[in-house]
A.B. asks: 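One structure is given below, represented as structure tokens, and several questions about it will come after.
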Amino acid sequence: YEKNEYVASVLTNDDKVLSSDTNKISYKNAYKFQNQKDKFNEHGDEVKWASKNFNGTETNFEEEYTYDEFGNCTENKIFKVRYKTNGKSKREIDRIFKKKYTY
């Protein structure tokens, strides 16, 4: 179970890979099977992870969540993280997801 992952890829019309991402299948239990780079917040949402690329390299990500008064995620921002040789990191926005709920 802890090895179950999926790879999502974006391809061009001529089957060139534009981007890919690897993640765990079950988000509900993902915190139970984290590796050293996986970090979760108090809501159980993943806030730090590394994605394995097809060429064997890793891309590091961090995510910030905004929640409404009912605890539902209304926005999440995903950042690519690049580490400098001096140990400092630089975050660049990669994706933003906004969700609207009707109660």
Side-chain angles (χ1 to χ4, degrees):
Y1 178 83
E2 66 270 12
K3 302 272 185 203
N4 289 340
E5 295 181 332
Y6 70 87
V7 176
S9 299
V10 177
L11 305 174
T12 63
N13 288 337
D14 58 350
D15 290 331
K16 291 178 71 175
V17 177
L18 292 177
S19 67
S20 66
D21 196 12
T22 304
N23 213 332
K24 294 168 182 58
I25 290 174
S26 174
Y27 294 106
K28 178 180 177 185
N29 296 315
Y31 70 94
K32 294 180 181 177
F33 306 103
Q34 59 187 314
N35 65 38
Q36 291 178 337
K37 294 186 179 186
D38 293 344
K39 301 287 183 229
F40 296 83
N41 67 14
E42 64 277 0
H43 296 275
D45 294 318
E46 197 166 28
V47 294
K48 192 173 189 178
W49 72 94
S51 177
K52 296 175 191 168
N53 302 310
F54 282 122
N55 64 5
T57 61
E58 284 188 346
T59 303
N60 295 292
F61 293 95
E62 291 181 3
E63 191 160 359
E64 292 179 356
Y65 297 87
T66 303
Y67 302 93
D68 66 13
E69 64 272 16
F70 300 105
N72 295 310
C73 176
T74 56
E75 181 178 274
N76 51 316
K77 295 178 184 178
I78 300 175
F79 300 87
K80 273 188 186 177
V81 181
R82 298 193 193 326
Y83 292 97
K84 300 178 181 179
T85 54
N86 63 3
K88 294 187 178 185
S89 62
K90 179 179 179 183
R91 297 184 344 159
E92 297 173 354
I93 195 75
D94 187 62
R95 293 167 267 178
I96 299 174
F97 298 98
K98 294 184 180 195
K99 301 167 191 145
K100 185 176 181 179
Y101 298 92
T102 303
Y103 299 102

A.B. asks: State plainly whether one hydrophobic cluster holds both V10 and V17, where clusters connect Ile, Leu, Val, Met, Phe, Trp and Tyr through side-chain heavy atoms under 4.5 angstrom apart.
C.D. replies: no
A.B. asks: Is R95 close to N76 at the side-chain level, that is, under 4.5 Å between some pair of heavy atoms?
C.D. replies: no
A.B. asks: Rounded to the nearest 0.5 Å, how far apart are NZ of K98 and OG1 of T66?
C.D. replies: 9.0 Å
A.B. asks: Testing E64, E92, E63 one by one against F79 for a side chain to side chain contact (heavy atoms under 4.5 Å, CB included), which residue passes?
C.D. replies: E64
A.B. asks: For the side chain of N53 and the backbone of N55, is there at least one donor-acceptor N/O pair under 3.5 Å apart?
C.D. replies: no
A.B. asks: Please report the closest heavy-atom contact between F61 and S51, naming both atoms and the distance.
C.D. replies: CE1-CB, 3.7 Å
A.B. asks: If hydrophobic clusters are built from ILVMFWY residues whose side chains come within less than 4.5 Å, do F97 and W49 share one?
C.D. replies: yes
A.B. asks: Would Y67 end up clustered with F40 when hydrophobic side chains under 4.5 Å apart are linked, directly or stepwise?
C.D. replies: no
A.B. asks: Between CG of D94 and NZ of K80, what distance do you get to the nearest 0.5 Å?
C.D. replies: 5.0 Å
A.B. asks: Can you confirm whether N13 is buried at CG, in the sense that more than 12 heavy atoms of other residues, nucleotides or ligands lie under 6.0 Å from that atom?
C.D. replies: no
A.B. asks: Rounded to the nearest 0.5 Å, how far apart are OG of S89 and CZ of R82?
C.D. replies: 12.0 Å
A.B. asks: How close do E58 and A50 get, heavy atom to heavy atom, and via which atoms?
C.D. replies: OE1-CB, 3.7 Å
A.B. asks: Nearest 0.5 Å, what's the OH-CG distance between Y65 and N41?
C.D. replies: 6.5 Å
